Asker: 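First the structure, then my questions, so here it is.
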Amino acid sequence: MQTSSSTGLIALDWGTSSLRAYRFDKQGKVVDKRALPWGIMNLPPAEGDADDRTDAGFRRALQAACGDWLRAAPGTPLIAAGMVGSKQGWREAPYLDVPLAVSDIGKSLTAVDTGLGTPLHIVSGLLERSALPNVIRGEETQVAGILDQLQVEDILIGLPGTHSKWVHVAGRRITHFDTFMTGEMYAALSNHTILGRTMQRDGAPDDAAFLRGAGVAKTADGRAGMLSNIFSSRTLGLTGELSPRAQADYLSGLLIGHEIAALLALVDGRLQARIALIGDDMLCRRYLQVLALYGVTQAEIAEAATEHGLWKLAQHAGLIA
């Protein structure tokens, strides 16, 4: 039976399309977890609920995620990271400027009244000011988790996904990060352009086609740039060199290859001695393949970074001992 003494923290990874909840014991071990479809753009409907507050949907989602945990362990600290702190979220948690120490992220949380007897503490995103400003929200928590998990001071952290992020950490300070809209570009090209008309996106992955695409950025033709190269996913199909299934993997590889080539160009071909990836396991493994193709073999996949990061930021915030 769950008691208040068995719960040290309740933490939420609250994104655009999903909500994940974690219950930690007082030693920082995850003892229960849940995944719900209640992201900030898909909150649960009222279903006769008389609550007409503007944030009623967020309250219903929170209740579904962890209301019973909080009733069983009243007063348990509650923390959340992700898009719940964006302009479209429950309450905007202002961006913190980069560079900054990872330990400072947890010191600037935004508290929201939940109506459940304990406030929700929302983690801020990060902003890098430049001619082309850059932001992250949610990934900062994963960075804190990786540093705690791997016990490193200096590392390059890759977070592949819809918007891939590459975060540079030196002396446990986030010094710089880059964004590549690789995943979203793949979805847009394969679903909404002529490239997708001849593609088949189910069935077993075609690794050979993926690596063929990944290598294009290394070639003389690759110098024409991604906007020119992507048309080859169609023309190689028209000439019979790529099957419909292979075209999808080729395009994925081509986009990721250009991402890695651009990343190497940004650092003049010299990446940090240690690289960690966090995200979907299959996608991270594909990134490992492409990194190796471009001569980078010192990368590894880190797991459970979000959970580690939520616990660590709660410690930095003084919510837990």
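These numbers come from a predicted model, not from an experiment.
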Asker: Apply the test side chain to side chain contact (heavy atoms under 4.5 Å, CB included) to residues Thr175 and Val98: give CA-CA distance (whole Å), side-chain angles for both, the deciding distance (0.1 Å), then the verdict.
Answerer: CA-CA 6 Å; Thr175 59; Val98 168; 5.8 Å; no
Asker: Which heavy-atom pair separates Ala61 from Trp38 by the least distance, and what is that distance?
Answerer: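 Looking at all heavy atoms of both residues, the closest pair is CB-CB, 3.8 Å.
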Asker: Which pair of heavy atoms, one from Leu12 and one from Leu310, lies closest together, and at what distance?
Answerer: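 Scanning both residues, the minimum pair turns out to be O-CD2, 3.8 Å.
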Asker: With a 4.5 Å heavy-atom cut-off, do Ile40 and Phe58 have their side chains touching?
Answerer: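 Counting from C-beta outward, Ile40 and Phe58 do come under 4.5 Å.
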Asker: What I'd like to find out is whether the side chain of His168 reaches to under 4.5 Å of the side chain of Arg173, using heavy atoms alone.
Answerer: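 The answer is no, as the side chains (C-beta and beyond) never meet within the 4.5 Å cut-off.
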Asker: Measure the CG-CD distance between Leu159 and Glu140 for me, rounded to the nearest 0.5 Å.
Answerer: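 Result: 10.0 Å between the selected atoms.
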Asker: Please check if any side-chain donor atom of Asn134 sits under 3.5 Å from a side-chain acceptor atom of Thr179, or the reverse.
Answerer: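 Looking only at side-chain atoms, Thr179 and Asn134 do form a donor-acceptor pair, the distance falling under 3.5 Å.
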Asker: Test of understanding: clusters of I, L, V, M, F, W, Y form through side-chain heavy atoms closer than 4.5 Å, transitively. Do Met83 and Met41 belong to the same one?
Answerer: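 The answer is yes; both residues are in one hydrophobic cluster.
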Asker: Between the main-chain N or O of Val167 and the side-chain N or O of Asp178, is there a donor-acceptor pair closer than 3.5 Å?
Answerer: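 Not a single qualifying donor-acceptor pair exists.
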Asker: Salt bridge check, Asp104 against Lys107: does any charged N sit closer than 4.0 Å to a carboxylate O?
Answerer: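 Yes, charged N to carboxylate O under 4.0 Å.
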Asker: Is it the case that one hydrophobic cluster holds both Met181 and Met226, taking links as side-chain heavy atoms less than 4.5 Å apart, direct or via other members?
Answerer: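 No; tracing contacts between hydrophobic side chains, which count when under 4.5 Å, never links both residues.
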Asker: Enter the distance from Arg245:CZ to Gln247:CD here, rounded to the nearest 0.5 Å.
Answerer: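 Taking CZ in Arg245 and CD in Gln247, the distance rounds to 11.0 Å.
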Asker: Between Asn191 and Arg201, do the side chains contain a donor N or O and an acceptor N or O under 3.5 Å apart?
Answerer: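 Result is yes, a qualifying pair exists.
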Asker: Taking only Lys NZ, Arg NE, NH1 and NH2, and the carboxylate oxygens of Asp or Glu, determine whether Asp148 and Lys312 approach each other closer than 4.0 Å.
Answerer: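 Counted as a salt bridge, because a side-chain N and a carboxylate O are separated by less than 4.0 Å.
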Asker: Can Val112 be reached from Leu19 by stepping across I, L, V, M, F, W or Y side chains whose heavy atoms are under 4.5 Å apart?
Answerer: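 Same hydrophobic cluster.
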Asker: What are the two closest heavy atoms between Lys33 and Tyr22, and how far apart are they?
Answerer: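 Residues Lys33 and Tyr22, closest heavy atoms: CB-CD2, 3.9 Å.
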Asker: Checking the side chain of Thr76 only, and the main-chain atoms of Ala73 only, is there a donor and an acceptor separated by less than 3.5 Å?
Answerer: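 It does hold such a pair.
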Asker: Within the structure provided, determine whether Thr7 and Asp25 are in side-chain contact (heavy-atom separation under 4.5 Å).
Answerer: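 Answer no - side chains too far apart.
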Asker: For the side chain of Ser233 and the backbone of Leu251, is there at least one donor-acceptor N/O pair under 3.5 Å apart?
Answerer: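 Side chain of Ser233 to backbone of Leu251: no pair is present.
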Asker: Taking atom CD of Glu303 as the centre, report whether more than 12 heavy atoms of other residues, nucleotides or ligands fall under 6.0 Å from it.
Answerer: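 No, the 6.0 Å shell around CD holds no more than 12 heavy atoms from other groups.
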Asker: If I compare all heavy atoms of Cys284 with all of Leu277, which pair ends up nearest, and what's the gap?
Answerer: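 So the minimum-distance heavy-atom pair works out to O-CD1, 3.5 Å.
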Asker: Using a 3.5 Å distance criterion without hydrogens, assess whether the side chain of Asn42 forms a donor-acceptor pair with backbone atoms of Ser17.
Answerer: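 Not a single qualifying donor-acceptor pair exists.
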Asker: Determine, using the 4.5 Å side-chain heavy-atom cutoff (strictly less than), whether Leu43 and Val84 are members of one ILVMFWY cluster.
Answerer: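 Same hydrophobic cluster.
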Asker: Rounded to the nearest 0.5 Å, how far apart are CD1 of Ile230 and CZ of Arg234?
Answerer: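 The CZ atom of Arg234 is 12.5 Å from CD1 of Ile230, to the nearest 0.5 Å.
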Asker: Keeping the roles fixed (side chain from His121, backbone from Leu78), state whether a donor-acceptor pair exists under 3.5 Å.
Answerer: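 Side chain of His121 to backbone of Leu78: a pair is present.
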Asker: Which pair of non-hydrogen atoms, one from Thr193 and one from Leu189, has the smallest distance, and what is that distance?
Answerer: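 Minimum heavy-atom contact is OG1-O, 2.5 Å.
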Asker: Could you check whether atom CZ of Arg20 has more than 12 heavy atoms from other residues, nucleotides or ligands sitting under 6.0 Å from it?
Answerer: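 No, not enclosed.
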Asker: Quick one: are Leu147 and Ile155 in side-chain contact, heavy atoms under 4.5 Å?
Answerer: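 When only atoms from C-beta onward are counted, Ile155 and Leu147 do touch, with a gap below 4.5 Å.
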Asker: Do Arg59 side-chain atoms and Thr114 backbone N/O form a donor-acceptor pair below 3.5 Å?
Answerer: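 Such a contact is found between Arg59 side chain and Thr114 backbone.
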Asker: Looking only at side-chain N and O atoms, does Glu92 offer a donor or acceptor that is under 3.5 Å from a partner on Thr110?
Answerer: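 Short answer, no.
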Asker: Is the backbone N or O of Pro94 less than 3.5 Å from a side-chain atom of Ser124, with the two atoms forming a donor-acceptor pair by type?
Answerer: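 Confirmed, Ser124 side chain pairs with Pro94 backbone.
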Asker: Evaluate the criterion side chain to side chain contact (heavy atoms under 4.5 Å, CB included) for residue pair Phe24 and Val31; output intermediate values, then yes/no.
Answerer: CA-CA 6 Å; Phe24 294 81; Val31 292; over 6 Å; no
Asker: Would you call Leu126 and Val135 a side-chain contact if the rule is heavy atoms closer than 4.5 Å?
Answerer: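 When only atoms from C-beta onward are counted, Val135 and Leu126 do not touch, as no gap falls below 4.5 Å.
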Asker: Taking side-chain hydrogen bond (donor to acceptor under 3.5 Å, both in side chains) as the definition, give me every residue that meets it alongside Thr306, ordered by chain and number, with sequence neighbours left out.
Answerer: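 For Thr306 the side-chain hydrogen bond (donor to acceptor under 3.5 Å, both in side chains) partners, ignoring immediate neighbours, are Gln142.
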Asker: Would you say CG of Leu132 has more than 12 non-hydrogen atoms from neighbouring residues, nucleotides or ligands within 6.0 angstrom?
Answerer: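 Atom CG in Leu132 is not packed in, count stays at 12 or less.
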Asker: Given 3.5 Å as the limit, does a donor-acceptor pair link the side chain of Glu128 with the main chain of Phe177, or not?
Answerer: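 It does hold such a pair.
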Asker: Checking the side chain of Arg137 only, and the main-chain atoms of Ala81 only, is there a donor and an acceptor separated by less than 3.5 Å?
Answerer: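 Not confirmed, Arg137 side chain does not pair with Ala81 backbone.
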Asker: To check you understand the geometry: which heavy-atom pair defines the closest contact between Ile10 and Leu70, and what is its length?
Answerer: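 Heavy-atom minimum between the residues: CD1-CD2, 3.6 Å.
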Asker: Under a 3.5 Å threshold, yes or no: a donor from one side chain and an acceptor from the other, between Arg71 and Gln63?
Answerer: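 Arg71 vs Gln63: donor-acceptor pair found between side chains.
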Asker: To the nearest 0.5 Å, what is the distance between CD (Gln27) and CD1 (Ile320)?
Answerer: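 Gln27 atom CD to Ile320 atom CD1 measures 10.5 Å (nearest 0.5 Å).
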Asker: Is any side-chain heavy atom of Ile256 closer than 4.5 Å to a side-chain heavy atom of Phe210?
Answerer: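 Yes. Closest side-chain heavy atoms under 4.5 Å.
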Asker: Show, in sequence, the C-alpha distance, side-chain angles and deciding distance for Leu100 and Ile105, and conclude whether the side chain to side chain contact (heavy atoms under 4.5 Å, CB included) test is met.
Answerer: CA-CA 8 Å; Leu100 86 166; Ile105 297 173; 4.1 Å; yes
Asker: If the condition is side chain to side chain contact (heavy atoms under 4.5 Å, CB included), which residues does Ser108 pass it with, not counting sequence neighbours?
Answerer: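 Ser108 satisfies side chain to side chain contact (heavy atoms under 4.5 Å, CB included) with Leu96 only.
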Asker: May I ask you to test the Ile157-Trp166 pair for a side-chain heavy-atom distance under 4.5 Å?
Answerer: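 Sidechains of Trp166 and Ile157: no contact.
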Asker: Return the CZ to CZ distance between Arg23 and Arg34, rounded to the nearest 0.5 Å.
Answerer: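 Atom-to-atom, Arg23:CZ and Arg34:CZ are 8.5 Å apart.
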Asker: If only atom types and distance count, is the side chain of Ser232 paired as donor or acceptor with the main-chain N or O of Thr235 below 3.5 Å?
Answerer: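 Not a single qualifying donor-acceptor pair exists.
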Asker: Are side-chain N/O atoms of Asp55 and Trp90 paired as donor and acceptor at under 3.5 Å?
Answerer: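 Asp55 vs Trp90: donor-acceptor pair found between side chains.
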Asker: Side-chain heavy atoms under 4.5 angstrom apart, residues restricted to Ile, Leu, Val, Met, Phe, Trp, Tyr: same cluster for Leu236 and Leu255?
Answerer: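 Linked within one cluster.
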Asker: Could you list the donor-acceptor pairs under 3.5 angstrom formed between side-chain atoms of residues 286-302 and any protein atom two or more places apart in sequence or on another chain?
Answerer:
| from | atom 1 | to | atom 2 | distance (Å) |
| --- | --- | --- | --- | --- |
| Arg286 | NH1 | Asp249 | OD1 | 2.9 |
| Arg286 | NH2 | Asp249 | OD1 | 3.1 |
| Tyr287 | OH | Ser164 | OG | 3.1 |
| Tyr287 | OH | Glu259 | OE1 | 2.6 |
| Tyr287 | OH | Glu259 | OE2 | 3.4 |
| Tyr294 | OH | Ala214 | O | 2.7 |
| Gln298 | NE2 | Gln272 | O | 3.0 |
| Glu300 | OE2 | Arg274 | NE | 2.8 |
| Glu300 | OE2 | Arg274 | NH2 | 3.2 |

Asker: Which distance, rounded to the nearest 0.5 Å, do you find between the CG of Leu319 and the CG of Leu313?
Answerer: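 Atom-to-atom, Leu319:CG and Leu313:CG are 9.5 Å apart.
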Asker: Flag the pair Met199 / Pro244 as yes when at least one side-chain heavy-atom distance between them is below 4.5 Å, and no otherwise.
Answerer: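 A side-chain contact under 4.5 Å is absent here.
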